Amino acid sequence: MQPKSVSTDQTHPYVLDSNLVSAGPFSEDERHAVYRAIFTRRDVRGQFLPDPIDEAVLHRILLAAHHAPSVGFMQPWNFIVIRDGDVKARAKSAFERANEEAVALFDDDRATLYSRLKLEGITDAPVNLCITCDRSRGGKVVLGRTHNRDTDLYSTVCAVQNLMLAARAEGIGAGWVSIFNEADIRDLLALPDHVVPVAYLCVGHVKELYESPELEARGWRKRLDLQSLIFEDRWGEAPASPRSGDT
Ligand SMILES: Cc1cc2c(cc1C)N(C[C@H](O)[C@H](O)[C@H](O)COP(=O)(O)O)c1[nH]c(=O)[nH]c(=O)c1N2
């Protein structure tokens, strides 16, 4: 491969011509595959199979996560792969403590419905993954982060989404559990102070998935109408002519 060199073209001196590759649309099958992963991904709580995840598959989904965009190319993430039954059991206890606090916040009917929901698959899933954000990575000044410190957290969430979509394509389900007191997760995983646990995921093979979000299927909340969420030019301004498309 030729070494990359900065273009001498004075019109666009920032363009590394030798690094540009073709960027046309995907073929119809490829597009279909991408949208299929997006639309059929589900948050998984109860459908995990006990089968172990092949190391090569796990590596591919972590690689997909690692190719997420990040502010200033900071790549603030780490991936803690949890297989130890004792660590999982302690995470489950932490969930149960937090979940008791959560259910108490809802009124009677909602509390009843809430308590019937399965909101984690910590000990069912063969692998748990904690995706963290190292807020000190890249030093004091990170390109693009100066005026918005939280962009490192947003970047980490992009990695989580990449991971979940790649997992879907591999027949692996992922379920995000956020019903924790952060201190419990910090303590459990020995996180240093400058590292934030962004996502705790239960990950494993699945044979079946809900067709629509489980929370919708169980009557918790419906998908909002996309059209009502699109504004034009300023907040609250509905587009003059609604664009076609699904909700
Ligand atoms: C940041 C964050 C945190 C959580 C979630 C998601 C995200 C993005 N979700 C999953 C959530 O309920 C789910 O994504 C929605 O209900 C939509 O369903 P699908 O993901 O489309 O299946 C989730 N689910 C759950 O059962 N327990 C949880 O603690 C959480 N926490």
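Numbering of ligands and ligand atoms starts at 1, following listing order. None of these values were measured; they are calculated from a predicted model.
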**Fill in**
Taking only non-hydrogen atoms of Arg42 and a 4.0 Å limit, the atoms of ligand 1 in range are 19 (P), 21 (O), 22 (O)

**Prompt:** Would a search of protein heavy atoms around atom 15 (C) of ligand 1 find one under 4.0 Å away?
**Reply:** no

**Item:** Numbering as shown, the atoms of ligand 1 that approach Val177 to under 4.0 Å (heavy-atom distance)
**Value:** 28 (C), 29 (O)

**Prompt:** Within the distance-only criterion (no hydrogens, no angle test), does the side chain of Glu208 pair as donor or acceptor with the backbone N or O of Gln47 below 3.5 angstrom?
**Reply:** no

**Pair Tyr210, Asp43: side-chain N/O donor-acceptor within cut-off below 3.5 Å** = no

**Item:** Salt bridge flag under 4.0 Å for residues Lys88 and Asp124
**Value:** no

**Complete:** Closest heavy-atom pair, Gly204 versus Ile53, reported as atoms and distance to 0.1 Å, is CA-CD1, 3.9 Å

**Message:** So, regarding Arg223 and ligand 1 (criterion: nitrogen or oxygen to nitrogen or oxygen, under 3.5 Å), is there a contact or not?
**Reply:** no

**Asked** Which residue supplies the protein heavy atom nearest to atom 26 (O) of ligand 1, what is that atom called, and how far is it?
**Response** Arg45 NE, 2.7 Å

**Asked** Between Lys92 and Ile122, which heavy-atom pair has the shortest distance, and what is it?
**Response** CA-CD1, 3.9 Å

**Prompt:** Of the protein's non-hydrogen atoms, which lies at the shortest distance from atom 31 (N) of ligand 1, and what is that distance?
**Reply:** Ser178 OG, 2.8 Å

**Item:** Sub-4.0 Å heavy-atom contact, Arg41 with ligand 1
**Value:** yes

**Message:** Would Leu119 count as being in polar contact with ligand 1, using the rule that some N or O on each side must be under 3.5 angstrom apart?
**Reply:** yes

**Request:** Identify, for atom 30 (C) of ligand 1, the protein heavy atom at the shortest distance, and state residue, atom and that distance.
**Result:** Trp176 O, 2.8 Å

**Request:** Would you please test Val81 and Val203 for side chain to side chain contact (heavy atoms under 4.5 Å, CB included) and show each step?
**Result:** CA-CA 10 Å; Val81 181; Val203 183; over 6 Å; no

**Request:** Taking all non-hydrogen atoms of both residues into account, name the closest pair between Gln75 and His66 and its distance.
**Result:** OE1-CE1, 3.3 Å

**Complete:** So the atoms of ligand 1 within less than 4.0 Å of a heavy atom of Pro213 turn out to be 17 (C), 18 (O), 21 (O), 22 (O)

**Item:** Where ligand 1 meets Ile179 - atom numbers and elements under 4.0 angstrom, heavy-atom basis
**Value:** 29 (O)

**Item:** Identity of the nearest option to atom 10 (C) of ligand 1, non-hydrogen atoms only, from Thr40, Asp43, Val157
**Value:** Asp43

**Asked** Looking only at atom types and distance, does a side-chain atom of Arg42 sit under 3.5 Å from a main-chain N or O of Glu211, one as donor and one as acceptor?
**Response** yes

**Atom pair CG (Leu58) and CD (Glu170), whose distance is rounded to the nearest 0.5 Å** = 10.0 Å

**Message:** At under 4.0 Å between heavy atoms, is it the side chain or the backbone of Leu215 that contacts ligand 1, or both, or neither?
**Reply:** side chain

